[in-house]
Amino acid sequence: MTNLPEKPTIDGLEAKWRARWDADGTYRFDRTKTRAEVFSIDTPPPTVSGHLHPGHVFSYTHTDLVARYQRMRGKEVFYPMGWDDNGLNVERRVQLLTGTIVDPTLPYDPDFRRPEKVDPKARPVPISRPNFIELCEEVVPDFETAYHELWATVGLSVDWDHTYTTIGPKAVRMSQRGFLRLLARDLAYRAESPTLWDVDMRTSVAQAELADREVPGAYHKLRFTGPDGQPLLIDTTRPELLPACVAVVAHPDDERFQPLFGQTATTPLFGVEVPILAHELADPDKGTGIAMICTFGDTTDVTWWRELSLPVRAVVQRDGRLRPLTWGEPGWETTDAAAAQAAYDELAGKTAKQAQARIVELLTEQDLLDGEIRPITHPVKFWENGTRPLEIVTSQQWFIRYPDKAAMLARGKELAWWPDFMRVRFENWVNGLVGDWNITRQRFFGVPFPAWYPIDADGVTDFLSPILADEASLPVDPTTDVPPGYDEAQRNQPGGFAADPDVMDTWATSSLTPQIVCGWEDDPDLFERTFPMDMRPQAHEIIRTWLFSTVVRSHYLHDTLPWTSAAISGFIVDPDRKKLSKSAGNMPDDPVTLIERHGADAVRYWSANGRPGMDMTFDEGQMKIGRRLAIKLLNASKFALGVGQPAHGAAVTEPVDQSMLVRLAALVEEATAAFDRYDYARALERTEAHFWSFCDDYLELVKNRAYSEEPTAESAKAALHLALEVLLKLFAPFLPYVTEEVWSWWREGSIHRSDWPDATELREAAAIGDPLVLAVAADVLTEVRRAKSEAKRSMRAPVDKVKVTDTPERLGALDKVALDVRSAGAIDQLFFAKGEEPSVEVTLAPEPSTS
RNA sequence: GGGCGCGUAGCUCAGCUGGCUAGAGCGCUGCCCUUACAAGGCAGAUGUCGGGGGUUCGAGUCCCUCCGCGCCCACCA
């Protein structure tokens, strides 16, 4: 029955139990269960564009802790895993790894093969879009295999049969269907509009992916000419956008400029007459108090342009360079076309930065720059992963309308946040929303829009009248599939059609992860049993993106929250509270190395110390402690089981055994309550503390009795077995490997499918147990150990007598465990004395003389 | 600029709705090869609970304020 190893070890447990769990389907989702019996988790699909680092292990372990706890509580846990292999980041990684770059004008090359060796300094090889997508499909699964391997080793109790990818056919179908549904209800639309644009990646960027960075800039004071012919000084940090100036603006209450409103000013160098307007957003304290409006220098320009109904005079094109143009033509009227052209020709073709340098020279030559250039540092918008500031260009994009703010805020209130204060991040974001959600990316590897555009007889494409795919035909790729009613020969021909060239924003797909994993409309039976989901675990940095957008989609599609609770995990930081990153040079060893060094249970132990929402310091010392705990668990278990099975039906009759079980019952209640509020860290801390005192005190106390031939040995054996089972279960979510190993020594099946301990049952087994008995015994033992330690004697050193002075109540409790105390302390005589001042006097036996 | 969070032993962190001499682990010191465990065990020392006010019989715990750190949001002139 019981099968104890000679020398237990935690090494090798990962491989052993991974294989067993896999073979037994321990974590397989049983889809016969009803919604009420299921606990479903909306897994964050890690992006495969990078490498998993300890921070990932940290937060993914948190989810697994909850999954394992819920499973033991009797829930059928639906815990899939996804890979986010869609989006700009993945595309960029594949480009770097394969040394390629997409050139959409190239035709497909069926003979193209991935280069064997890639020189990072060499110029990337241009390839066609279909070739690049093939390359992605070839390379990305390798990334995913590495991720799977790590997650399985960490011990995530995922059902791998439900794995999905965000670029896979299922996700594409869901994304396209979700898009068409919104379009049908006019919740999505296509429009031409100024768009934030990354000039390096040459794609539009959504508000959610913006990051402000402080960068150096400089005020340049330009000499415009006012209506009276006098100079009108205007400060700008973007003098190169002067040719794109369409107006100047000041605050309506600003008395300095009130007389000028409604009149015109003339731009320097280009001689364009622009209106002088008033708007609330103009800040009298910034610069000279009057600003130039360009199309477009920043998002304020966009606001002014829209609210003041200004024309577009765009100069920056999609590659970030100033475009060629002819002055004097409609829209580009000027008082001196020749001079404007001469000046502009110096700028055309240059990047914004180069153009800025040149225009400053031109302005200086003509004395149109007033005073010195004043360097400043100011926040500028970047794509969060980009290296150059964003520009704003006008282009056609698909948008999803945001629901009104009140509805979103109500959803935020409805959702249970762990920790609760994270709701504020959501509310901040909702309150700051501007415009609609641009879901278009001018990229190659992504979910295509299920749309084509008609080309008229003259060869002009009508980009505002899309031909949409039938839902039944999804997923489609418009670049290879043909729209209803057309044939392939008509592609890009007059009278034919053109494919929508763009792909969806990665969040347009990720916002549907609940629909993807639960099988929205593809698998109504599964959907019924799992949606709305129970839990969304995620990091706080993506509340504004992933969490928010998922709430939006579910609000529209199902008029419900996608899940009832959101568990937000913190970051891992270094001891200086800096976020871990490669560039900061503070990145610890990779998770595989850490697991090899300390064991998966130990790494999980470290992770479990991070409370929800709290950042935690990376600390390998914690892993060492976790490793020690796992080893201790093996040894203590070996001992507890080594006393032999209790006789069938043996009851726990000894007061100290009952006392221990009563205390254990209190621990079960505490750990359960903590888990129920996602405070796994507390559950672990309490269990661990209890376990150590269990080993130090209780095991020492019962050791001799349990091995003895006395009838009371049965009580000890029964209590040891019961306590061990309970402790193992409490540790099981945290240390799945070592607990499963011990479980297998004397129990059938997996501990991870066993029932969570029940405090009521424990109390019944403990009968009238008094927690004081064990507490007093432990106190006396500590005093005895202290005496031996101070006398520099062995813990086995015999004690002649111990005199305990204490209250009658405590002495009464001690009396019930006197035999065990004497045995554990090697105490010959134990005396009690009632007294106000508790004390323990220890008289050691004389040290035997040694030579 | 607005908001959220954090600041407790050298280090990493607990201290839940205010209540006995402020806790744990690591590290440090000392002791012990105890037949579950020496990659271990036992014991010990260590803190003006960021500063200053206030409420209270009583505050690490509540209120105000200041300081430091981190993060989120914010219209780049």
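What you are looking at is a predicted structure, and each value in this text was computed from that prediction instead of being measured. Below, read A as the first sequence line, B as the second, and so on, with proteins coming before strands; counting in each chain starts at 1.
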When rounded to whole Å, the CD1 to P distance for the pair A:I543 and B:G5 reads 13 Å
(message) Less than 4.0 angstrom between a side-chain N/O of A:R785 and OP1 or OP2 of B:A43, yes or no?
(response) yes
Closest of B:A43, B:C37, B:C75 to the A:T299 side chain is B:C75
Practice problem: Ignoring backbone atoms, establish whether A:K624 has a side-chain N or O less than 4.0 Å from OP1 or OP2 of B:G27. | Solution: no
The salt bridge (Lys or Arg N to Asp or Glu O under 4.0 Å) partners of A:D676 (sequence neighbours excluded) come to A:R73
Of B:G41, B:A36, B:C73, the nucleotide closest to the side chain of A:K638 is B:A36
Tightest non-hydrogen contact, residues A:L65 and A:R604, listed as CD2-NH2, 3.9 Å
Report which part of the nucleic acid A:A689 touches: base, sugar-phosphate, or nothing (heavy-atom distance under 4.0 Å, all strands). nothing
Considering only heavy side-chain atoms of A:C695, the closest of B:C76, B:A36, B:A43 is B:A36
* To do: Look at the aromatic rings of A:Y680 and A:F675 and report parallel, tilted or perpendicular, splitting at 30° and 60°.
  => tilted
Annotated structure of RNA chain B as dot-bracket, pair cut-off 3.5 Å, Watson-Crick or G-U only, | for inter-strand, is (((((((..((((.....[...)))).(((((.......))))).....(((((..]....))))))))))))....
*How is A:V380 classified with respect to the nucleic acid when contacts are heavy atoms under 4.0 Å: base, sugar-phosphate, or nothing?*
base
Testing B:C37, B:C42, B:G5 for proximity to the side chain of A:M614, the answer is B:G5
Euclidean distance for C1', B:U48 against B:A9 (whole angstrom):
13 Å
Those residues at least two apart in sequence (or on a different chain) that pass salt bridge (Lys or Arg N to Asp or Glu O under 4.0 Å) with A:K632 are none
Report task. Quick one: sort the A:W417 and A:F426 rings into parallel, tilted or perpendicular, breaks at 30° and 60°. Result -> tilted
Closer than 4.0 Å, any side-chain N/O of A:R544 to the OP1 or OP2 of B:C73? yes
Once base and sugar-phosphate atoms are separated, protein heavy atoms under 4.0 Å mark nucleotides 15-25 of chain B, 5' to 3', with B, S and - as S---------S
Set out, line by line, the N/O atom pairs under 3.5 Å between protein and nucleotides 31-35 of chain B.
residue : atom : partner : partner atom : Å
B:U35   : O4   : A:R796  : NH2          : 2.8

- request: For B:A74, take OP1 and OP2 only and decide whether either is under 4.0 Å from a side-chain N or O of A:K381.
  value: no
Rounded to whole Å, the CD-P distance (A:E620 to B:C11) equals 19 Å
Side-chain atoms of A:N428 come closest, of B:G2, B:A36, B:C75, to B:G2
Pairing of A:E427 and A:K413 as salt bridge, 4.0 angstrom limit: yes
Taking every heavy atom of A:T303 against every heavy atom of A:L281, the minimum-distance pair comes out as CG2-CD1, 3.8 Å
For A:D779, the salt bridge (Lys or Arg N to Asp or Glu O under 4.0 Å) test, sequence neighbours excluded, returns A:R810
For A:E391, is there an ion pair with A:R238 - N to carboxylate O distance below 4.0 angstrom? yes
